[in-house]
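Just below is one structure, and these are the notes that go with it.
Chain naming here is simple, since letters A, B, ... match the order of the sequence lines and numbering starts at 1 in each. The basis for the numbers below is simple: all heavy atoms, side chains too, and nothing from hydrogens, waters or symmetry mates. Here the structure is a predicted model, which means the values were calculated and not measured.
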There are 2 protein chains.
Amino acid sequence: MNDSGEHGEKKRSRRPSQERTAQRDPERTRAAILEAATREFAENGMGGARVDAIAERAGTNKRMLYHYFGDKEQLYLRVLEEAYVGIRTAERALHIGDRSPEEGIGELALFTWRYFLQHPEFLSLLGTENLHRARWLRQSVRLKELHSHLIGELTDVLEQGKKQGVFIETADPLHVYLTIASLGYFYLSNQYTLSTIFGRDLIEPTHLNAWEKHIVHVTLTSIKR
Amino acid sequence: MNDSGEHGEKKRSRRPSQERTAQRDPERTRAAILEAATREFAENGMGGARVDAIAERAGTNKRMLYHYFGDKEQLYLRVLEEAYVGIRTAERALHIGDRSPEEGIGELALFTWRYFLQHPEFLSLLGTENLHRARWLRQSVRLKELHSHLIGELTDVLEQGKKQGVFIETADPLHVYLTIASLGYFYLSNQYTLSTIFGRDLIEPTHLNAWEKHIVHVTLTSIKR
DNA sequence: CCATCAAGTAACTGTTTAGTTACCGGCTTG
DNA sequence: CAAGCCGGTAACTAAACAGTTACTTGATGG
């Protein structure tokens, strides 16, 4: 297209050479590092994660990792932020206010449980971050506003349920959410010690389904009038 | 590097120094290492814990640590075992079968919550062990039989409650225990991220008391007829 | 066609770490 | 008292680690 002397105009490519374009791909390298880091931090925690291991898993090297993310701690924070954005985004799509209050809460419980089940790395990252008393999360400005929406929506649904007379007056939005999250988080994140000491394989589909029903049952009976 | 006088190098001073006899105390040193290790592993996890830090915290040195416990992994397992023995021993003293079924379950819920609250290092060690998929706990023969008692006692109490018509027929002992443990564990172990993202300090006495009541409420309403 | 800059590689560095070794000194016992 | 055992100290070592530097490769604009 452009041949010469066009001043100020960025041109896309003078040569086609499209088959080689994939060689250098900053965006893909960046994404690969982030994904590899997510797995490495989830599997080994902050103290146990190895920068060399992340680079190797991503199919690149340490130089790129430091180039894109600064250092190990900043990379870790990035991983944590992405994990939170992931669940909160999926949660928003639920629109729990569209159904009846009872169905809305049940849906939130089911969603949370299934999201935890499908994203063990998220649970693991939470565990690591709490071991360190939210040392890195606290520094993140980005995540503070992400959660007001959840509590707001939950408050509305509970209000509606109280008006309709199906929920008790003392039902608290934060308590309801913590109840749902507790039951899912503990069962899954502690499945290894629990399975060992109680001699039952908690990850078996039969037990998983029973616990899913249990979570919905417990959550609803605790707020129903 | 050889010494000039072969016998003269070792000297023995024949001082009584009886006031120093307490200096050497194997049992105390051992206990100090175990306690220091508990704190270090709880605060930093397996990957983050430092053997030097444990020795320093115990007021001794690495040589003694390796002498008494073999290596870092065996010391960690020892710490974990002691933590489990601690809670299960205290739990046994409850005798939840002595009261009415409803009171018995309520007592277990209260005990578990308060034990978790007073032993944050236990929660932390559980978290670390689960991060590693119970890698070390699995090797421990000692802990397997420790837990059958808990489930046995719980089964009896539930049976009695069902006979008396106060509990639903579907109430399951493991589910009841997991419910109690979930609600306590998650609230406390994840308090740092939760306080940060929801902008409420969960460790405040007001909130702690509210959650204690909530645990008992949720547990009982979920099994009452 | 060459100057420039970004993507990417690999070897290196200073420090930290788990684990070891050499040694010390008091106590017990034959 | 001497032999040696046991509780204890401190300096050491080899490996692993986070982070850096020197360099190569390739695309692009002038």
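- Taking the six-membered ring for Trp and the full ring otherwise, the centers of B:F186 and A:F186 sit at least 6.0 Å from each other.
- A:E27 has its CD atom 11 Å from the P atom of C:dG8, to the nearest Å.
- Between B:N61 atom CG and C:dA22 atom C1' there is a gap of 13 Å when expressed in whole angstrom units.
- For the residue pair A:T193/B:N130, the side-chain donor-acceptor check at 3.5 Å is satisfied.
- Side-chain contact, A:S140 with A:E81: a donor N or O sits under 3.5 Å from an acceptor N or O.
- Closest to the side chain of B:H67, out of C:dG8, D:dG7, D:dT9, is D:dG7.
- Within residues 30-45 of chain A, no residue has any heavy atom under 4.0 Å from DNA chain C.
- Between B:Y76 and B:W136, the angle of the ring planes goes over 60°, which puts this pair in the perpendicular group of the 30/60° scheme.
- Sorted by first and then second residue, the pairs that involve residues 202-216 of chain A and meet salt bridge (charged side-chain N to carboxylate O under 4.0 Å, His left out), not counting sequence neighbours, are A:R114-A:E212.
- Nucleotide C:dT16 holds its P atom 14 Å from the CD atom of B:E56, rounded to whole Å.
- As rounded to whole Å, 12 Å separates atom P of C:dA10 from atom CE of A:M64.
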Point to revise | Working for ring pair (Phe, Tyr, Trp, His ring centres under 6.0 Å), residues B:H207 and B:W211 | key: CA-CA 6 Å; B:H207 293 136; B:W211 191 250; over 10 Å; no
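- Proximity note for A:Y68 (side chain, C-beta onward) versus D:dG7, C:dG8, D:dT9: the nearest is C:dG8.
- Side-chain atoms of B:H214 and A:S222 form no donor-acceptor pair, as typed in the model, at a separation below 3.5 Å.
- Distances shown here put every side-chain N or O of A:T29 at or beyond 4.0 Å from the OP1 or OP2 atom of C:dA7.
- Using cut-offs of 30° and 60° on the angle between ring planes, the pair B:H119 and B:Y115 is parallel.
- Between the CG atom of A:L65 and the P atom of C:dT9 there is a distance of 13 Å, given to the nearest Å.
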Study note, to complete from the structure: With sugar-phosphate taken as primed atoms, P, OP1 and OP2 and all else as base, the protein-contact string of nucleotides 15-21 of chain D at under 4.0 Å (heavy atoms; B, S, -) is --SBBBB
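- In this structure, B:E121 and B:F41 have side chains that are not in contact, with every pair of non-hydrogen atoms separated by 4.5 Å or more.
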